[in-house]
Amino acid sequence: MTEETKQIHLNEYQRAAVLDESPACVVNANVGSGKTTVLIEKILYLHQEKQVPLERMVVLTFTNKAADEITERLMRREPQITSEQVQGFGTFHSVALRLLKDRLPVEQEGWTKEFTVMDPDEETDLALDIITEQGLKVKYRNRLKKRLEQEYQAYLTGKTESRYKDDLFRLYPLLLEEKKRQNKMSFADLLRVSMNLLSDGEWHPEWVIVDEVQDSDRLQLEFLEALCGPQKSAKLFAVGDPNQVIYSWRGTGENMFFLLKHRFGAKELTLPVNYRSNASILEAANRFLQFGEQIRGSREETGKIVVKNHYDPFQEAEYLAERIRTFHEKGEPYSGIAVFYRLQKQSEILVKVFERQGIPCELSVKKTLKDIPVLDWLVKVFRFSVNPADAQTAMQVLTDTRYGEKCTKKQAQDIVRRAIGEKGETSERIAAVTAVSGKAGGSDQFFRKMQGFQDYFSDRRTGEGESPSAEELFAYFGLKEMLHPTSAEYASDEEKVIGFLERMCTACSAGTGGRDFTDCVREFINSSALYGMKLDAGEKAADEEKGAEEADTDTVKLMTLHASKGLEFDTVFLTGMNQGLIPLRCRNFEQEEEERRLFFVGITRARNELELSWYTNPGEPGVLGEPSRYLQMIPQHLLKRDDVRTEEEKRNNLQQMRREVQEQIRKKRTESELKPEKKDLEKKEAGDEDLGKKETGDEVLGKEKAGSGTKPPEQRVRHRKYGEGILVSEDEMMVEVEFPGYGRKQFLKAFGEEEML
DNA sequence: GAGCTGTTCTTTTTT
DNA sequence: AGAACAGCTC
């Protein structure tokens with residue numbers, strides 16, 4: 001091993017993974033087990049010890065964020081590595097795009113090298129246009145995007161009819177044809193087309209390395225196979241965790257980790273040691289592990305997991321604000337604290353209350369280009385400018401009501417059809433457009449600017465000071481007029497546009513000079529379609545320049561459980577641990593298992609403190625005022641039940657209990673008044689129902705027993721309606737009992753309906 | 001085309 | 001549990 005690798009302290013399992021030489025190897029990497037470190041060391045080991053050039057490796061990630069982390073860490077370890085050498089590092093889609101542009105003969109599949117990348121919504125719009133034009137019968141048009149994706153597999157496997165017996169399968173070939181005609185590819189096309197060309201092509205990398213492989217879908221798996229070649233000429237090293245599959249609802253079905261292992265006949269290694277969470281959190285997490293051996297810890301601390309019950313989401317938010325303030329006063333930074341929830345809309349109350357209470361917080365929602373109207377429009381302008389075959393985008397730019405010259409659909413159609421509908425020389429096209437210019441005035445002029453963009457800038461090269469400036473581009477398109485100078489947003493719009501143009505020009509003048517400027521613009525526009533975040537970084541930089549708030553980085557992070565994957569925090573609050581929310585109402589067993597993995601992912605984000613809370617009054621339909629079953633699945637000795645009850649809640653509970661008891665009494669009375677036959681029938685039905693509920697309850701209890709070996713003595717309670725349960729809490733006025741299958745119930749002692757065993 | 005019945009999906013989100 | 005939709009009847 002090199003000096004560098006020695007400096008990094010790898011455990012024996014990590015070392016084995018780095019040194020492994022199998023043709024295909026999958027590493028089952030538990031949460032917090034140093035997966036990325038292994039990946040980085042593997043790459044360096046291959047590069048430095050095995051003399052594999054970085055250019056001969058393809059390193060694939062699922063998200064841009066992960067791709068950035070890998071290249072950043074790699075370059076920090078080895079500063080002499082250039083960005084040229086890591087061209088094959090990136091997301092599946094960006095690597096596919098690079099291959100299609102640099103190595104693969106896209107012409108064979110019906111596109112030219114100048115193709116552009118479609119926005120995901122664009123494909124659906126195009127499909128709708130085709131449906132209208134061709135008079136196709138397609139059902140569930142509002143769900144067309146999903147249908148197009150989900151039923152493609154069935155279409156490929158030769159099924160003759162779509163699920164709903166409509167014209168969807170006739171749409172697919174028409175859509176593909178249209179995309180070729182307009183010289184653009186959807187995200188899925190990037191993978192499919194490169195897959196086809198790789199399968200019968202010459203070029204293959206020497207090593208294929210994959211991160212978070214459990215998150216890939218079927219198409220990505222096929223892409224991987226094509227990348228490794230029919231004879232598996234490339235070696236495969238994939239890292240993933242089957243216990244962290246939380247996106248299977250987006251596609252697949254099977255667990256991709258094991259499917260990949262099977263398809264490649266790969267050797268499986270494991271990384272069993274967790275370096276993140278304290279012993280209690282790990283012991284709890286182990287109860288939710290679905291694959292592999294128990295996770296081993298590396299820490300001695302056994303702080304308890306706090307479980308709290310709140311009256312409602314509002315009271316919970318107030319409590320959290322107070323609690324977080326205490327943490328902060330004790331010297332913990334806000335940035336070490338995160339609040340998780342199951343549904344996006346749960347964040348509303350939290351944000352409002354935190355803002356009012358002066359707790360700095362940040363909602364983790366991705367900002368894309370589409371959220372900034374003026375940039376959404378500008379990108380379309382460039383998309384057409386660098387791909388004059390893209391009639392669809394041209395139409396969208398011309399008919400946009402917010403920016404540019406106002407133009408009716410009919411006028412836009414005239415302009416676009418005459419210009420690109422018929423093939424011909426540029427001069428002819430322009431002549432044709434000029435012929436209709438009287439009708440649409442400025443629109444037509446702007447259209448010609450876009451269409452003439454490539455010709456106008458064709459002699460410009462990047463790098464040598466020739467490359468156009470942001471101002472030049474702004475003037476070329478006459479953007480001052482197009483951005484509506486009289487509008488209230490003009491100043492901020494102009495700033496955003498100039499900022500975007502500057503970033504584009506900087507990107508175009510970076511790297512090796514002498515390239516065609518318009519090619520660079522196309523590359524920039526294409527990568528911004530795949531990589532919405534880069535613009536986000538620019539936005540942030542602009543904000544900081546304004547000097548808005550510098551202490552902005554020390555904030556509490558609010559996010560969904562899904563968004564928490566891959567992150568870690570000292571302190572984690574997991575809210576809304578209610579039955580019907582965590583887990584969310586499930587239709588089948590697979591869904592339930594995924595909810596459990598989601599909870600597993602959530603709790604394993606915490607390093608030191610974990611607090612779980614549920615509310616008595618969720619105020620959402622379908623969500624029960626009962627604690628999640630998952631709270632019962634955690635060994636009780638790890639928990640510190642610490643209920644915060646307000647007087648209001650107590651009163652409410654009493655009222656609720658009174659109502660319940662009155663209802664029971666009323667029922668009993670009517671029951672006894674009924675005729676004997678009917679009474680028996682009702683009893684039978686009620687009994688059946690009870691049996692069903694008990695079964696699920698026993699299942700939970702059974703799992704709990706199987707999991708926890710060491711259980712503290714519990715006070716058992718019998719109730720004539722709910723059967724046997726476990727005492728949860730007790731005070732001078734009431735008792736709270738957990739019944740398997742019924743959840744938690746509270747009783748007034750005065751009623752004396754429960755019997756201690 | 002109003003009114004009915006039956007079915008499916010709803011949440012989570014990346015490229 | 002409830003909305004949205006498809007397909008049927010009149």
Side-chain angles (χ1 to χ4, degrees), chain A residues 60-68 90-98 117-124 137-147 149-151 162-166 168 185-192 194 211-212 214-220 223 244-252 256 340-347 364-370 526-536 559-566 576 578-588 590-599 601-602 618-624:
Chain A
L60 297 164
T61 60
F62 195 62
T63 64
N64 286 304
K65 205 177 150 207
D68 287 346
T91 62
F92 279 78
H93 294 88
S94 69
V95 168
L97 175 63
R98 177 114 264 140
V117 179
M118 294 171 85
D119 180 273
D121 293 333
E122 216 180 308
E123 187 170 32
T124 321
K137 200 182 113 207
V138 175
K139 293 175 192 172
Y140 291 105
R141 272 187 223 186
N142 57 333
R143 281 179 238 151
L144 186 62
K145 198 178 171 196
K146 249 189 187 158
R147 286 200 63 197
E149 278 171 34
Q150 285 177 354
E151 292 176 59
S162 74
R163 209 178 136 190
Y164 299 102
K165 298 184 168 59
D166 60 7
L168 188 76
M185 290 192 204
S186 68
F187 286 0
D189 291 333
L190 293 172
L191 299 184
R192 273 190 213 114
S194 47
D211 185 25
E212 303 262 32
Q214 80 282 355
D215 279 335
S216 53
D217 57 29
R218 184 177 262 102
L219 182 58
Q220 286 166 324
F223 174 78
Q244 289 189 71
V245 175
I246 57 171
Y247 286 113
S248 65
W249 49 271
R250 270 194 315 222
T252 58
M256 281 294 147
F340 300 160
Y341 37 82
R342 180 64 180 80
L343 302 177
Q344 210 68 257
K345 63 177 170 191
Q346 290 174 264
S347 65
S364 154
V365 272
K366 211 192 69 164
K367 228 185 178 185
T368 62
L369 269 175
K370 277 190 155 318
N526 276 340
S527 63
S528 78
L530 291 177
Y531 206 128
M533 306 273 236
K534 237 174 201 159
L535 297 146
D536 201 51
M559 66 190 82
T560 62
L561 282 171
H562 282 89
S564 77
K565 190 162 164 258
N578 281 60
Q579 200 54 10
L581 199 49
I582 300 175
L584 202 66
R585 222 176 56 75
C586 294
R587 210 185 295 92
N588 51 47
E590 284 83 38
Q591 230 175 25
E592 143 81 66
E593 282 194 312
E594 181 140 321
E595 290 291 311
R596 241 155 66 201
R597 290 192 292 268
L598 189 59
F599 178 68
V601 166
E620 282 292 332
V623 182
L624 284 73

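Labels below follow one simple rule: chain letters A, B, ... track the order of the sequence lines, proteins then strands, and each chain is numbered from 1.
Using a 5.5 Å limit on the distance between ring centres and a 30° limit on the angle between planes, the aromatic ring of A:Trp249 counts as stacked on the six-membered base ring of B:dT12.
Here B:dT11 is the nucleotide among B:dT15, B:dT11, B:dT13 with the atom lying nearest to any side-chain atom of A:Leu584. In the set B:dT13, B:dT15, B:dT11, B:dT15 carries the atom at the smallest distance from any side-chain atom of A:Leu530.
A straight line from NE2 of A:His93 to P of B:dT13 spans 18 Å, rounded to a whole angstrom. Computed from coordinates, the A:Lys565 NZ to B:dT13 C1' distance equals 11 Å when rounded to whole Å. Remark: P of B:dT11 and CD of A:Gln579 are 20 Å apart, rounded to the nearest angstrom. Atom CG in A:Asp189 sits roughly 18 Å away from atom P in B:dT15 (whole-Å rounding). Atom NZ in A:Lys345 sits about 8 Å away from atom P in B:dT11, given to the nearest Å. The distance from atom CG of A:Asp68 to atom P of B:dT15 is 10 Å, rounded to the nearest whole Å. With rounding to whole Å, A:Leu219 atom CG is found 11 Å from B:dT15 atom C1'. Computed from coordinates, the A:Asp119 CG to B:dT14 C1' distance equals 13 Å when rounded to whole Å.
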Nucleotide by nucleotide, 5' to 3', does protein get under 4.0 Å of the base (B), only the sugar-phosphate (S), or neither (-) in nucleotides 1-10 of chain B, counting heavy atoms? -------SSB
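By the side-chain hydrogen bond (donor to acceptor under 3.5 Å, both in side chains) test, A:Glu149 is found to be paired with no residue, residues two or more places apart in sequence or in another chain being considered. Taking the side-chain hydrogen bond (donor to acceptor under 3.5 Å, both in side chains) definition, one finds that A:Lys165 meets it with nothing, sequence neighbours left out. Scored by the ring pair (Phe, Tyr, Trp, His ring centres under 6.0 Å) test, A:Phe599 finds A:Phe288, A:Tyr630 as partners (sequence neighbours excluded). For A:Ser186, the side chain to side chain contact (heavy atoms under 4.5 Å, CB included) criterion is met by A:Met118, A:Glu123, A:Lys179, A:Ala188, A:Asp189, not counting sequence neighbours. Residues satisfying the side chain to side chain contact (heavy atoms under 4.5 Å, CB included) test with A:Gln150, not counting sequence neighbours, are A:Lys146.
Listed pair A:Thr560 / B:dT13 meets the phosphate criterion, a side-chain N or O lying under 4.0 Å from OP1 or OP2. In this model, the phosphate group of B:dT11 is not approached by any side-chain N or O of A:Gln346 to a distance below 4.0 Å at OP1 or OP2. Distances shorter than 4.0 Å separate some side-chain N or O of A:Asn142 from OP1 or OP2 on C:dC5.
Using atom P as the reference point in both C:dA4 and B:dT11, the two lie 11 Å apart (nearest Å).
Nucleotides of DNA chain B nearest to A:Glu595 and A:Thr91 differ in position, and the one nearer the 5' end is that of A:Glu595.
With no hydrogens or angles considered, no side-chain donor-acceptor pair links A:Tyr531 and A:Asn526 at under 3.5 Å. If you check the side chains of A:Glu212 and A:Gln214, you find a donor sitting under 3.5 Å from an acceptor.
As judged by a 4.0 angstrom heavy-atom cut-off over every strand, A:Glu594 is placed among residues making no nucleic acid contact.
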